[in-house]
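Just below is one structure, and these are the notes that go with it.
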Amino acid sequence: MAATAPVSPVADAQVAPPARGRPANPWRRAWQQFRRSRLGYWSLIVFVVLFVLSLGAEVLSNDRPLVVHYNGQTYFPLLKTYPETVFGGDFETETDYLDPYIRHQFSMDGNWAIYPPNPYGSQTINYFASEPNPSAPGRENLLGTDDRGRDLLAQLIYGFRISILFALALTTVGVLLGIVTGAIQGFFGGKTDLAFQRFIEVWSAMPELYLLIIFSAILSPSLGLLLALLSLFGWMGLSDYVRAEFLRNRKLDYVKSARAMGVPNRQIIWRHILPNSMVPVVTFLPFRMSGAILALTSLDFLGLGVPPGTPSLGELLSQGKNNVDAWWISLSTFGVLVLTLLLLTFMGDALRDALDPRRVDP
């Protein structure tokens, strides 16, 4: 009886096909996991829609018409400034398109004007209002006016846009600084890590609010100054997480192999360790944006934020505190702020669950 040749288990083994509907790319798997969280997914959609609409705030809320057809000619006041004499007025100053006389000119035969859905800008004062300021919600002003006579809906639209753009900028700067400092500490370790830790302990003990008060008294307030000052302290929290990830990943075999092959440290950090250390960075992005929005709102409430006249949610909250009878100011501003923070929180929770390696797809 002929002997049977032994069969190699490696040669005889069959590779099992990948499960259907389960992508090999971990980021794609995380996106599918994120979509399964309906609350987080729809929060992302609502937040993106609101942010995109706020970017076109001039089209949605402005005291200038989008298009004017007057005496056979077409004008675009949204893009160009026209004197009042162009539309039958008496002065060479800029046209006040809320003036009843100008509106009457546009309503004459053959003339027409297309106004934005909300015909008030962020700095527009309705001098022709029928009620004293702050006026309650009505047909003229859907959400009422503040104590200066500015339309509250326009203030909320422009204030929301400024808050989100500021939060994005502050989050971006903080994330970049946190990644760089955390990567240096975690990768090199030793004395480098020890020196950075002592510096962070000293730097975190600096009185941030006092520094803001001092610089606000010396320099003129601006968004750039706020961004620079808050960025000096906003990177330390994320730096600790990145440092911990680098300390863990630098001990793995693939990093040791890369070092043995003579791969430069810069390339090891950028190509090998950093992509595997981005989970805490991505997870904390919505929460860092929430913190940035709250920081800007708090500083504006205290009068240490944006320059006077800039639409701000914190400044509206301060007006609501000073005008308790004008309940619509506090209620609408508080509603916008709570809605924004809730959307970001739901997105952050869903993102954290999607990137959790302990969760198994159903």
Side-chain angles (χ1 to χ4, degrees), residues 46-130 133-135 137-146 148-169 222-224 296 300 306-313 315-316 329 332-333 336 340:
V46 173
F47 179 80
V48 171
V49 170
L50 292 177
F51 178 57
V52 171
L53 290 176
S54 69
L55 293 179
E58 287 77 10
V59 179
L60 297 176
S61 182
N62 206 320
D63 57 355
R64 297 184 178 187
L66 305 178
V67 183
V68 172
H69 186 77
Y70 183 78
N71 288 343
Q73 296 186 9
T74 303
Y75 302 90
F76 298 93
L78 195 60
L79 305 176
K80 185 178 179 181
T81 300
Y82 299 100
E84 186 179 305
T85 54
V86 174
F87 306 111
D90 299 325
F91 304 100
E92 293 289 342
T93 56
E94 182 180 351
T95 305
D96 182 4
Y97 296 96
L98 298 180
D99 190 337
Y101 174 78
I102 298 298
R103 289 199 169 191
H104 174 72
Q105 292 291 99
F106 293 160
S107 65
M108 297 175 63
D109 294 339
N111 300 333
W112 49 266
I114 300 179
Y115 282 85
N118 186 47
Y120 299 98
S122 60
Q123 301 297 328
T124 304
I125 298 178
N126 188 6
Y127 294 103
F128 308 98
S130 56
N133 299 316
S135 62
R139 296 183 59 182
E140 293 184 356
N141 304 96
L142 297 179
L143 296 181
T145 62
D146 61 4
R148 304 177 189 175
R150 298 175 300 181
D151 182 71
L152 193 57
L153 178 58
Q155 291 287 300
L156 293 175
I157 294 175
Y158 286 88
F160 174 80
R161 181 174 68 176
I162 291 178
S163 298
I164 299 301
L165 291 177
F166 180 83
L168 287 174
S222 65
L223 285 174
L296 179 63
D300 290 340
V306 297
T310 305
S312 166
L313 299 180
E315 195 262 342
L316 289 177
I329 300 178
S332 56
T333 307
V336 170
T340 304

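Here the structure is a predicted model, which is why all the values come from computation and not from measurement. FYI, the numbering just counts along the sequence from 1.
Residues that satisfy the side chain to side chain contact (heavy atoms under 4.5 Å, CB included) test with Ser107, not counting sequence neighbours, are His104. Annotation: side chain to side chain contact (heavy atoms under 4.5 Å, CB included) contacts of Tyr101 (sequence neighbours excluded): Asp99, Gln105. Among residues two or more places apart in sequence or in another chain, the side chain to side chain contact (heavy atoms under 4.5 Å, CB included) test is passed with Ala57 by Ile157, Tyr158, Arg161. Under the side-chain hydrogen bond (donor to acceptor under 3.5 Å, both in side chains) criterion, Glu92 pairs with no residue at all, not counting sequence neighbours. With sequence neighbours left out, the side-chain hydrogen bond (donor to acceptor under 3.5 Å, both in side chains) criterion links Asn111 to no other residue.
Considering all non-hydrogen atoms of both residues, Asn62 and Leu78 come closest at ND2-CD1, 3.0 Å. Of all heavy-atom pairs between Pro134 and Ile329, the closest is CB-CD1, 4.2 Å. Between Leu143 and Ser332, the shortest heavy-atom distance links the atoms CD1-CB, 4.5 Å. Looking at every heavy atom in both residues, Pro77 comes nearest to Leu66 through CD-O, 4.1 Å. Closest heavy-atom contact between Ile102 and Asp96: CG1-O, 3.6 Å. Annotation for Asn118 and Ser61: closest pair ND2-OG, 2.9 Å, computed over non-hydrogen atoms.
Distance OG1/Thr74 to CG/Asn71: 11.5 Å, rounded to 0.5 Å. How far CD of Glu315 is from CZ of Arg148: 4.5 Å, rounded to the nearest 0.5 Å. Here the CD1-CG distance, from Ile162 to Leu165, works out to 8.0 Å after rounding to the nearest 0.5 Å. Remark: Phe87 CZ to Thr95 OG1 distance equals 5.0 Å, nearest 0.5 Å. Between the CG atom of Asp151 and the CD1 atom of Ile125 there is a distance of 12.0 Å, given to the nearest 0.5 Å. Of the inter-residue distances, the one linking Thr333 atom OG1 with Leu313 atom CG reads 6.5 Å to the nearest 0.5 angstrom.
Outside the 6.0 Å centre-distance limit, the rings of Tyr75 and Tyr70 are not counted as a close aromatic pair.
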Query raised in the report: Which is it for Leu153 and Tyr120 under the side-chain contact (heavy atoms from CB on, under 4.5 Å) test, yes or no, and what are the steps along the way?
Result: CA-CA 9 Å; Leu153 178 58; Tyr120 299 98; over 6 Å; no
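Applying the salt bridge (Lys or Arg N to Asp or Glu O under 4.0 Å) definition to pairs two or more places apart or across chains, those involving residues 60-86 are Arg64-Glu94.
The closest side-chain heavy-atom distance from Ser54 to Ile164 is not below 4.5 Å. In this structure the side chain of Leu152 never reaches within 4.5 angstrom of the side chain of Asn141, judged on heavy atoms.
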